[in-house]
2 protein chains.
Amino acid sequence: MGSTAPARVCFPPLLFARSTSVTTSMYSACMNTSERLIESTRELLWERGYVGTSPKAILERADAGQGSMYHHFKGKPDLALAAIRRTAEEMRAAAGAVLAGPGTPYERIEAYLRRERDVLRGCPVGRLTMDPDVIADDTLRAPVDETLDWLREQIAQLVEEGREQGEFAPSLDGEEIAAAVVATVQGGYVLARASGSPAAFDAGVRGLLSLLATHKN
Amino acid sequence: MGSTAPARVCFPPLLFARSTSVTTSMYSACMNTSERLIESTRELLWERGYVGTSPKAILERADAGQGSMYHHFKGKPDLALAAIRRTAEEMRAAAGAVLAGPGTPYERIEAYLRRERDVLRGCPVGRLTMDPDVIADDTLRAPVDETLDWLREQIAQLVEEGREQGEFAPSLDGEEIAAAVVATVQGGYVLARASGSPAAFDAGVRGLLSLLATHKN
DNA sequence: GTCTATAGTCTGATAGAC
DNA sequence: GTCTATCAGACTATAGAC
């Protein structure tokens, strides 16, 4: 067994915060170069966005040379695409698990809204919408669009389900409520980061839930 | 009267979209250099954020040389601060006018939510929260924080007023509803930019209003 | 006040050795 | 596969002429 051992993710990569600037990635020992490049890019895209992330910074964090990056990927956009797709997929899985979990439709929407989050870091998918180079490139924007669209659809179906079961008032529109729910989360990150505290995020979630709760029968 | 004529804003600078890339600013003829630098920076911060905006791009859009910028401002952060402060002030004035306008508390909140917006451009204040260099610098973050905080306070007071007048249910919490309202707007921009269409923004606003409306008596 | 010239660093990419 | 060397251009700032 040498350096060509199958890639195994030792740590759930984006689940631990990286508050300190380190030269060698904590997981550099247990991933191949391609994986390290993708994970480093995912972290940097989350922290600094696409425009604020340079190949040099990616390579330093991944502890790799220029050649490795241009061997595995066509360039910065190509590597970013791989990173964005993986982040989108991860978010879909995490949100899907909560939304498809146990409980009534209201309870599952509440579980999604109250789901544990690293609020001050923002949403790794949503933040990309503020990146001009991501929005300008349909290929980079697609995973972002699809993920948020999928999320709204899931919640809209849940609202419709709740209406049919009589948990929600018949007057509610599934797609509109879903958009309000997802927007409250995405906007909650904005308020939290502006104030430097998660309090505003939590307040927004409680506010929306208080409005939604009184529509239950 | 020469080039030292008092600065007069010919066009409400940020109210017309700049879809095309131009070398000379439309308003370059009727502003002094300092003003042009600030207005160019405001545009670029809105379009590309702080990290994505270079002094070179600012100077080209303002039709000014390096020397002018470093004469009037200490550097990029100093110029950005002036631009951010002005944008924050403008947003406060615009939102304040609607929130202090005619109508019941609900109607004024509705007017704020339905207020005409260039949705796909996003919020010139809120988008800065996704900029790592803005969040890392308390001086740059302050105007953003203060503006969004002020906005939430205004809406919270409006909700309290509506409760006292019997328009809203007593169970509603002003600060929570205010956070949900502002978050819905900020998150609406995210959804709209992801999908490339203002539809999701409008859906979220309608969803929130439909929840809030049935709390009226 | 405004300009150009210059500087040192970073960006994003290519070439070619090992 | 991975590395270093190299490159043209951009980034941010300073110096000094006008």
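Values reported hereafter were calculated over all heavy atoms of this structure, with side chains retained and with hydrogens, waters and symmetry mates removed. Note on naming: letters A, B, ... go to the chains in the order of the sequence lines (proteins, then strands), and numbering restarts at 1 for each one.
With rounding to whole Å, A:Met31 atom CE is found 18 Å from D:dG1 atom C1'. In this structure, CG of A:Leu79 is placed 15 Å from P of C:dT11, rounded to the nearest angstrom. Straight-line distance from the CG atom of B:Leu59 to the P atom of C:dC3: 9 Å, rounded to whole Å. Atom CG of B:Asp63 is separated from atom P of C:dG1 by 19 Å (rounded to the nearest Å). In this entry the distance linking NE2 of B:His72 with P of D:dA13 reads 17 Å, nearest Å. In this structure, the CZ atom of A:Arg36 is 12 Å from the C1' atom of D:dG1, given to the nearest Å. Rounded to an integer number of Å, the gap from CD of B:Glu60 to C1' of D:dT12 is 14 Å.
The side chain of B:His71 places no N or O atom within less than 4.0 Å of a non-bridging phosphate oxygen (OP1 or OP2) of C:dT2. Contact annotation: B:Thr33 side-chain N/O to C:dG1 OP1/OP2 distance is not under 4.0 Å.
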**Prompt:** Which is it for A:Arg48 and B:Asp133 under the salt bridge (Lys or Arg N to Asp or Glu O under 4.0 Å) test, yes or no, and what are the steps along the way?
**Reply:** CA-CA 8 Å; A:Arg48 304 194 44 84; B:Asp133 291 3; 3.3 Å; yes

**Prompt:** Yes or no on salt bridge (Lys or Arg N to Asp or Glu O under 4.0 Å) for B:Glu39 and B:Arg86, after CA distance, side-chain angles and deciding distance?
**Reply:** CA-CA 9 Å; B:Glu39 291 302 321; B:Arg86 184 174 294 183; 2.8 Å; yes

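Within the structure, every pair that satisfies the side chain to side chain donor-acceptor pair (under 3.5 Å) test and touches residues 187-198 of chain A, not counting sequence neighbours, is listed here: A:Arg117-A:Tyr189. Sorted by first and then second residue, the side chain to side chain donor-acceptor pair (under 3.5 Å) pairs involving residues 145-154 of chain B (not counting sequence neighbours) are B:Asp149-B:Arg152.
Side chains of B:Leu81 and B:Pro143 form a contact here, defined as non-hydrogen atoms less than 4.5 Å apart.
With hydrogens and angles disregarded, a donor-acceptor distance shorter than 3.5 Å links the side chain of A:Arg127 to the backbone of A:Trp46.
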**Prompt:** Which letters describe nucleotides 12-18 of chain C, given B = protein heavy atom under 4.0 Å from base, S = only from sugar-phosphate, - = neither?
**Reply:** SBB----

